[in-house]
There are 2 protein chains.
Amino acid sequence: MIISNNLKMYVQKLRSSNLRPTKQRLKICQFLFNREKTFHFTVETLNKKINKNKGMKVSLATIYNTVEAFTSAGYLKEILTSKNKSYYDTNTKSHHHFYDEGSKELTDIHYSQIKLSKVPTPPKGKKIKNLEVVIRIQK
Amino acid sequence: MIISNNLKMYVQKLRSSNLRPTKQRLKICQFLFNREKTFHFTVETLNKKINKNKGMKVSLATIYNTVEAFTSAGYLKEILTSKNKSYYDTNTKSHHHFYDEGSKELTDIHYSQIKLSKVPTPPKGKKIKNLEVVIRIQK
DNA sequence: TTTCTAGTTTAGAATTATTATAAACTATAG
DNA sequence: CTATAGTTTATAATAATTCTAAACTAGAAA
Ligand SMILES: [Mn+2]
Ligand SMILES: [Mn+2]
Ligand SMILES: [Zn+2]
Ligand SMILES: [Zn+2]
């Protein structure tokens, strides 16, 4: 895969969600999606990594806006683990996580690695939106 | 059960955890623990309910301090559900929850109501701290 | 190509949840 | 009763996030 091809791909991807392919968004796309493995992050860590090298600076407000836009568009998934801080995941498929309370890091658990053989029915009028497990681990 | 007996009980309970039985703490104990069913709350809702009636006012700082002290003492459990807001539970036994994204309310699921027939081993050097499931529900 | 405009970026202000500070108050040991 | 460590409280500080409004820009239309 060649970088320029990726760029074109991201332009398509953004356009298809009615998001203009700005240089900020493309930079964030390259950073987030041009990788082999799942990436888990907070806005704070993403901001640091995006603005580490001396290229064009992306403002913190734009990082927030973009993460929100990408989540709405289905390119990112929000993972609820930690109180007071939002975590995001480039793996948008349904899957589970380990959450390390020490390092505060998430690790994927493939969906098939956890089997829920008994699940309660939700209260009437309500349906299950999501059944992903977060297993808290520590030393 | 008579209120005055409860009061004595809470005095014991607090003393046994090296917490002085102040009138603020006893008021919060009465409110939280003198009830049949599990109570789920945030600091915001607890503060409102404690200070609704025209009795002695308990400051927000004390609500925070007390919830923290009771959680450390094992009288309350923190439930991680919502980003950016801490939820607490008077049911300190290991159990699961429904979390309604609309009403933002928690409902207990008894531990036996969910069966995890396959659970991955944690990364080496790490152990599972907690395996409680939060099932997100919506209309 | 230039023009127009809605969408976007940005710095900074505002908001929300929580924690820290430090002075006044109080439970309780002696 | 007195001393003192623990507690409460108003308020300030911090952290994460959202809001605001002005400057900027992508891309449609002229
Ligand atoms: Mn917070
Ligand atoms: Mn927050
Ligand atoms: Zn993941
Ligand atoms: Zn519960």
Side-chain angles (χ1 to χ4, degrees), chain A residues 7-8 10-31 40-51 55-73 75-76 78-88 104 106, chain B residues 7-8 10-31 40-51 55-73 75-76 78-88 104 106:
Chain A
L7 254 186
K8 276 181 192 162
Y10 298 137
V11 170
Q12 290 316 306
K13 189 170 175 165
L14 290 169
R15 285 235 175 82
S16 75
S17 309
N18 290 307
L19 296 170
R20 286 189 182 171
T22 63
K23 58 190 198 306
Q24 290 87 346
R25 285 174 177 164
L26 289 169
K27 185 176 188 183
I28 295 171
C29 277
Q30 291 280 5
F31 181 79
H40 299 103
F41 64 95
T42 63
V43 167
E44 191 193 6
T45 60
L46 180 61
N47 185 46
K48 275 185 191 139
K49 289 183 176 183
I50 287 285
N51 290 306
M56 167 203 39
K57 196 220 169 195
V58 181
S59 76
L60 181 59
T62 297
I63 304 275
Y64 271 104
N65 291 342
T66 304
V67 166
E68 157 63 25
F70 286 7
T71 304
S72 292
Y75 307 159
L76 291 174
E78 188 173 4
I79 310 291
L80 294 177
T81 29
S82 153
K83 61 169 175 173
N84 303 332
K85 204 161 207 173
S86 294
Y87 279 74
Y88 297 87
K104 297 182 187 312
L106 284 165
Chain B
L7 255 188
K8 276 182 192 160
Y10 297 137
V11 170
Q12 291 314 308
K13 189 170 174 165
L14 290 169
R15 285 235 175 81
S16 75
S17 308
N18 290 307
L19 295 171
R20 288 186 179 172
T22 63
K23 57 190 198 308
Q24 290 86 349
R25 284 175 179 163
L26 288 169
K27 185 175 187 182
I28 296 171
C29 277
Q30 291 280 6
F31 181 80
H40 300 102
F41 63 95
T42 64
V43 167
E44 190 193 6
T45 60
L46 180 61
N47 184 45
K48 274 184 192 141
K49 291 183 173 181
I50 286 285
N51 291 306
M56 169 204 37
K57 196 221 168 194
V58 181
S59 76
L60 181 60
T62 297
I63 304 275
Y64 271 105
N65 290 341
T66 303
V67 166
E68 157 63 25
F70 286 7
T71 304
S72 292
Y75 306 159
L76 291 174
E78 189 171 3
I79 311 291
L80 293 177
T81 27
S82 153
K83 62 169 176 174
N84 302 332
K85 202 160 209 174
S86 293
Y87 279 73
Y88 297 88
K104 297 180 187 312
L106 285 164

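In the text below, chain A, chain B and the rest are named by the order of the sequence lines, each starting its count at 1.
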Practice item. Tell me, please, which residues at least two apart from B/T71 pass side-chain hydrogen bond (donor to acceptor under 3.5 Å, both in side chains). Key: none
Check your understanding: Looking only at side-chain N and O atoms, does A/Q24 come under 4.0 Å of OP1 or OP2 in D/dT25?
Key -> no
**Study point:** Sugar-phosphate only, base, or nothing, as touched by B/S86 at under 4.0 Å among non-hydrogen atoms
**Key:** sugar-phosphate
Check your understanding: Taking the side chain of B/K85 as heavy atoms from C-beta outward, which of C/dA17, D/dT17, C/dT8 is closest to it?
Key -> C/dA17
**Study point:** side-chain hydrogen bond (donor to acceptor under 3.5 Å, both in side chains) against A/T62, all qualifying residues, sequence neighbours excluded
**Key:** A/S59
Review item, nucleotides 24-27 of chain C N/O atoms under 3.5 Å of protein N/O:
residue, atom, partner, partner atom, Å
C/dA27, N3, B/R20, NH1, 3.1

Revision key, fill the gap. With sequence neighbours left out, the residues meeting side chain to side chain contact (heavy atoms under 4.5 Å, CB included) with A/T22 are A/R20, A/Q24, A/R25
**Study point:** Distance in angstrom units between A/L46 CG and D/dT17 P, rounded
**Key:** 12 Å
Review point. Given atom CG of A/L26 and atom C1' of D/dT25, what is their separation to the nearest angstrom?
Key: 14 Å
Revision key, fill the gap. Contact check, residues 57-68 of chain B vs DNA chain D, heavy-atom distance under 4.0 Å, returns B/K57, B/V58, B/S59, B/A61, B/T62, B/N65
Review point. Under the ring-ring contact (aromatic ring centres under 6.0 Å, His included) test, which residues partner B/Y10, sequence neighbours left out?
Key: none
**Study point:** Results of side-chain hydrogen bond (donor to acceptor under 3.5 Å, both in side chains) for B/K49 - residues two or more places apart only
**Key:** none
Check your understanding: Donor-acceptor pair, B/K27 side chain versus B/V58 backbone, under 3.5 Å?
Key -> no
Check your understanding: Who are the ring-ring contact (aromatic ring centres under 6.0 Å, His included) partners of B/F41, not counting sequence neighbours?
Key -> B/F39, B/Y88
Revision key, fill the gap. A/Y87 OH to D/dT17 C1', in whole Å, measures 15 Å
Check your understanding: Looking at residues at least two apart in the chain, or sitting in another chain, which of them share a side chain to side chain contact (heavy atoms under 4.5 Å, CB included) with A/L80?
Key -> A/E78, B/K83, B/R136
